[in-house]
Amino acid sequence: MLKIVTAVIGRDLKLAMRRQADIVSALFFFIIVVSLFPLGVGPEPDLLRKLAPGVLWVAALLATMLSLPRLFADDHRDGTLEQLALAPHPLGLVVTGKVIAHWLVSGLPLALIAPVLGIQFDLSADALLVLTGAILLGTPALSGIGAIGAALTLGLRGGGVLLSLLVLPLYIPVLIFGAGAVDATVTGLGGEGHLSLLAALTFASLGFAPWASAAALKIALE
Amino acid sequence: MLKIVTAVIGRDLKLAMRRQADIVSALFFFIIVVSLFPLGVGPEPDLLRKLAPGVLWVAALLATMLSLPRLFADDHRDGTLEQLALAPHPLGLVVTGKVIAHWLVSGLPLALIAPVLGIQFDLSADALLVLTGAILLGTPALSGIGAIGAALTLGLRGGGVLLSLLVLPLYIPVLIFGAGAVDATVTGLGGEGHLSLLAALTFASLGFAPWASAAALKIALE
Amino acid sequence: MKDRFNLYRYASPATFYPLAGRMIPYFAALSVLFGLAGLYLGMLVAPTDFQQGEGYRIIFIHVPASWMSMFIYLVMAFWAAIGLAFNTRLSGMMAQALAPTGALMAFLSLWTGALWGKPMWGAWWVWDARLTSELILLFLYIGFMALTAAIDDPKRADKAGGLLLLVGVVNVPIIYFSVKWWNTLHQGSSVNLTKSSMAQTMLWGMLLMALCFWMYSIAVALLRARTIMLERERHTDWVKAELAGVER
Amino acid sequence: MIYWNSLSDFLAMGGYGFYVWGSFGVTVLIMALEPIMAARTQKLTIARLKRQLRAENRNTAE
Amino acid sequence: MLEADNLECVRGERRLFAGLGFRLEAGELLYLQGKNGAGKTSLLRMLIGLLPPEAGEIRWRGKSIRTLADEFRADLCYLGHLNAIKEELTPLENLLAAARLADEALSEDEALDALEQVGLAGREDLACKYLSQGQKRRVALARLVKEKRPLWILDEPFVALDVAAVDWLAGIISGHLQRGGLAVMTTHQLVNIPAGKVRELRIA
Amino acid sequence: MLEADNLECVRGERRLFAGLGFRLEAGELLYLQGKNGAGKTSLLRMLIGLLPPEAGEIRWRGKSIRTLADEFRADLCYLGHLNAIKEELTPLENLLAAARLADEALSEDEALDALEQVGLAGREDLACKYLSQGQKRRVALARLVKEKRPLWILDEPFVALDVAAVDWLAGIISGHLQRGGLAVMTTHQLVNIPAGKVRELRIA
Ligand code: HEM
Ligand SMILES: Nc1ncnc2c1ncn2[C@@H]1O[C@H](COP(=O)(O)OP(=O)(O)OP(=O)(O)O)[C@@H](O)[C@H]1O
Ligand SMILES: Nc1ncnc2c1ncn2[C@@H]1O[C@H](COP(=O)(O)OP(=O)(O)OP(=O)(O)O)[C@@H](O)[C@H]1O
Ligand SMILES: [Mg+2]
Ligand SMILES: [Mg+2]
């Protein structure tokens, strides 16, 4: 059981390392989008502080989303997905491994860089801590939900954009609670409630998403 | 000369129609991203009005960028690009056609929907007009510059994200002048200066980009 | 052998098609009847609300539309579950026939809610849990339609769409209970079988309007289902016979 | 029985006319258009399928 | 061991075949024939359980493959039109990763040995994207060298291979049959499999 | 007509061949041989001008193809490992689009006729993604039916084709040679081209 999950994680991480661009660039995308906003909006510090949680979360969400289409597409195109579906263990486990690997490559780095970017927006130490925690807790849910969308749109050529259509609505709760946690901290209300909701979302989606994705993948392979 | 350009445009539009999702969804992505921001930032109307130009432009930029990786990748993967490179006319003309088709599918619809979204942000009629004009003038530059990035990263597997890394910095001038035009109108300064700069950017990039992209494509095909 | 009642017979398009054709006029008529009665009670007879003034009358379409938007989604999810479990042809067609109506109901809920919110809360829109989850519902409908339209093999489209429906079904309880779970602007449920806080005429007006919306949805969905059936089964003998019959 | 005193009262809806009639208007519009559109697609589909059937019959007859 | 009963395949609006059945015992090779688009690949994908048949049943050791699921897949080795190799990884990495994901034990030495057998000695550490068409196919085929599972399903395995490699692969399949394995195969090339009993099935 | 002088090919750190040269006249077929990875595809890509040779020169009608550029490409028809067809388009649309992009005149009737010749009658209006492997290859090959350009460069054109299609293609190539065309071809299958003079070139 665990062996196959770690095998998948190991392989996906090795591929990500081999391509290099993958890891560095999801991060860079995040950084660039976050830095674009002050450019488009203008440099008033008060305005920026209010914007910070929203902008950081929307950027995290987009960065995650951008890498989703490739989650299964590469494996599908070169026939690896068939082989994975034919391996003698439930496909859901394989997907669990892929979701974890996706998070390690696209979610974790965001959480690590987020406090640095938050400083730019003049957030307090408290708020930075909550921001990191929220991204750490919320991004696995993004990877999980994203996997379902990626599997459903697999092989449909309009896929990349159709994917965002399916996935973004489901991301909204994560965005609201995630930005809400930081906002609540900034306004002194305490973000614990939001954080525990985020944790609940993540657990629910990690438990459920791999199996739904596996079912969708089987349909795509027919 | 013109025949080949129209042939490419015709083919690419037909493909886009066939996939349907393509056109509708680039638009939807734009709409959804624009609507996400109030979610993250909160609903204060004053704040939102200040945000509007920046958010709309950043969203337009991201929507254009999302469809870039597929600009040449599909043709590359199935061998069509080789055939295009072997056709008895300069490759730059083919790329011109592809850039125009890309704009028709991903830039033009944004310009048409932008005023509607602007209303949500409570922009004045004047500002809406300038917004539409700016997006109409600016997005061809986005497609043109994007084509260079797409050609340069073609075949590199980390491509999609590497692409944004290359292209976003070059998009920044468009973003600044585009958002600046709307901003200037809102504050009553008049956006003509910004608009003519946008037009200059677009002409420069449309004249130059196809040939740079063609050169990059030849390298990718070696 | 004696003629036994056979569920599968009615789940087959060939028998369902004429049956649906015969039922549509009845549902349409019922819808009009309930609608007229509901409007009469709600718009002409019911007294004003002491808190909200006459603006409350939006309730007579807001609530039925909101209910139907959730209910239709549940019905689609039910068909999806049946389709995935038993592989029946009819279920996918029903889900697809219902989707546009559900999306329109969700849109109406949002539209009327927004028009209600402006005078009551002073804002067209707030990011309250119920409003957000209802918006997500609309996106789920649109996503379902886009997904099934993007897959051209109907069997695969049904399966993929069904899966999406089942994934999204968690959203419905969230919409319904959001007013309980979160302390928000949107008011809680006031329709209660044992004890209602509303005036009797208001309650009856609302229920009649809900019935009107319900019958309307069934009629339109059946109409659309018949079209989809013809399209999908165009190579079967019964459709050919049907088409030849229309000819005459 | 009837609550309203005059038609203009009814139309004004106690000052909420725009909101109430805006809601009802759009609802009526949608509920009128949707069946019409559905019936139209049905008619078009039947016509197209008949055309296809005829073409098929012609081909097999040949 | 492997039986198919009354299979029917419908793709889109086209019925490719119906009432198709066969029975394959240990040591036998089923050689599927048929022209382009006859439905060979579709049949193979039914046999491995990825494509649900419109009608009919497939049994492995007497039990339906739908109820067997994981157990059946543990006995199965499939090689499709696509090579299932990662362009960024080297042949060695590809082979090891494939084995781990398929839950097979394969040591690095065994993998190196297999790669040498398929003629990729000296290219174990070159990313697969630099390999030629035939070399890529060879990487995919290297899996078969140490493959112990009883049922092999091969979709045009000889494509892109040069003459020497075709002979070598025919030998590998023979060995598998001699060890009591079963194989189902399609190919448009005329290839002589020296050992085992060959049954032919033509899809019209 | 087509001459290659002293060509050298280096890929990565590996010299695939050096000092390779040949001369091909009208009506002749150059049959490239060599094992997997020998460098056949690389040589073909040099001949069409996509891969610059490390050393040596390629001439068409006596002039270097680098100086000819467009003119040379107007005489050239290349068919690679990849089919260059769009999965979303139908065979008919693919064929017409390819002709327009290559600046060739091809009417719809001619295209339909070509598709019928390659055995795709009845599937002209089915999106290519639903076609079988061999049928996809046939769509790509349909281009050759009406192709009037003198130089054909074909990289393993027989892959995935069934026996009937292989014969048909051999006939098409013969016809081209008889009309005074030139062809360069690789294949690992033994195929008999009835007409024209066949030169063999082995890359070791
Ligand atoms: C766009 C904004 C709105 C949305 C999406 C929305 C959504 C919903 C939904 C889904 C329901 C049905 C759930 C249930 O019955 O518990 C509902 C019911 C209701 N809504 Fe709204 N609503 C919105 C705005 C408003 C506003 C502004 C008001 C009034 C101030 C309002 C008052 C009501 C009432 C009274 C009910 C009936 C509750 C009951 O009796 O059960 N809604 N709404
Ligand atoms: N949606 C569809 N509508 C009509 N026909 C379809 C559809 N999908 C697939 N087909 C047909 O089904 C067949 C699939 O064939 P399959 O891939 O199994 O052939 P094959 O025998 O493996 O051929 P090859 O030798 O070329 O690999 C093709 O003839 C194809 O045209
Ligand atoms: N970067 C590199 N480093 C080392 N070797 C390389 C590199 N890139 C390509 N090669 C080698 O160059 C050769 C390319 O061969 P090519 O594709 O021309 O072969 P081919 O004769 O067409 O073979 P096939 O019959 O399999 O199609 C391969 O042997 C490959 O291993
Ligand atoms: Mg096949
Ligand atoms: Mg080759």
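Lettering follows sequence order; numbering is per chain, from 1.
A side-chain donor-acceptor contact under 3.5 Å links F:R143 and B:Q83.
Taking the six-membered ring where tryptophan is involved, the planes of F:H176 and F:W152 are essentially parallel, since the angle between them stays under 30° and well short of 60°.
For the set F:D103, F:I85, F:L101, the count of heavy-atom pairs under 4.5 angstrom toward chain B peaks at F:L101. With chain B as the partner, the residue from F:E104, F:E71, F:H81, F:R45 showing the most heavy-atom pairs under 4.5 Å is F:R45. Of the listed residues (B:G97, B:G79, B:P88), the greatest number of heavy-atom pairs within a distance under 4.5 Å of chain F belongs to B:P88. Of the listed residues (B:K3, B:K218, B:H89), the one with the most heavy-atom contacts under 4.5 Å to chain F is B:H89.
Remark: F:E147 CD to F:L106 CG distance equals 9.5 Å, nearest 0.5 Å.
F:E28 and F:R199 are joined by a salt bridge, as a carboxylate oxygen and a charged side-chain nitrogen come within less than 4.0 angstrom of each other. Salt bridge status for F:R61 with F:D75: present, with a side-chain N to carboxylate O gap under 4.0 Å.
Both the backbone and the side chain of F:A74 come within contact range of chain B, judged by heavy atoms closer than 4.5 Å. Contacts of B:L86 with chain F are made by both backbone and side-chain atoms, with heavy-atom separations under 4.5 Å.
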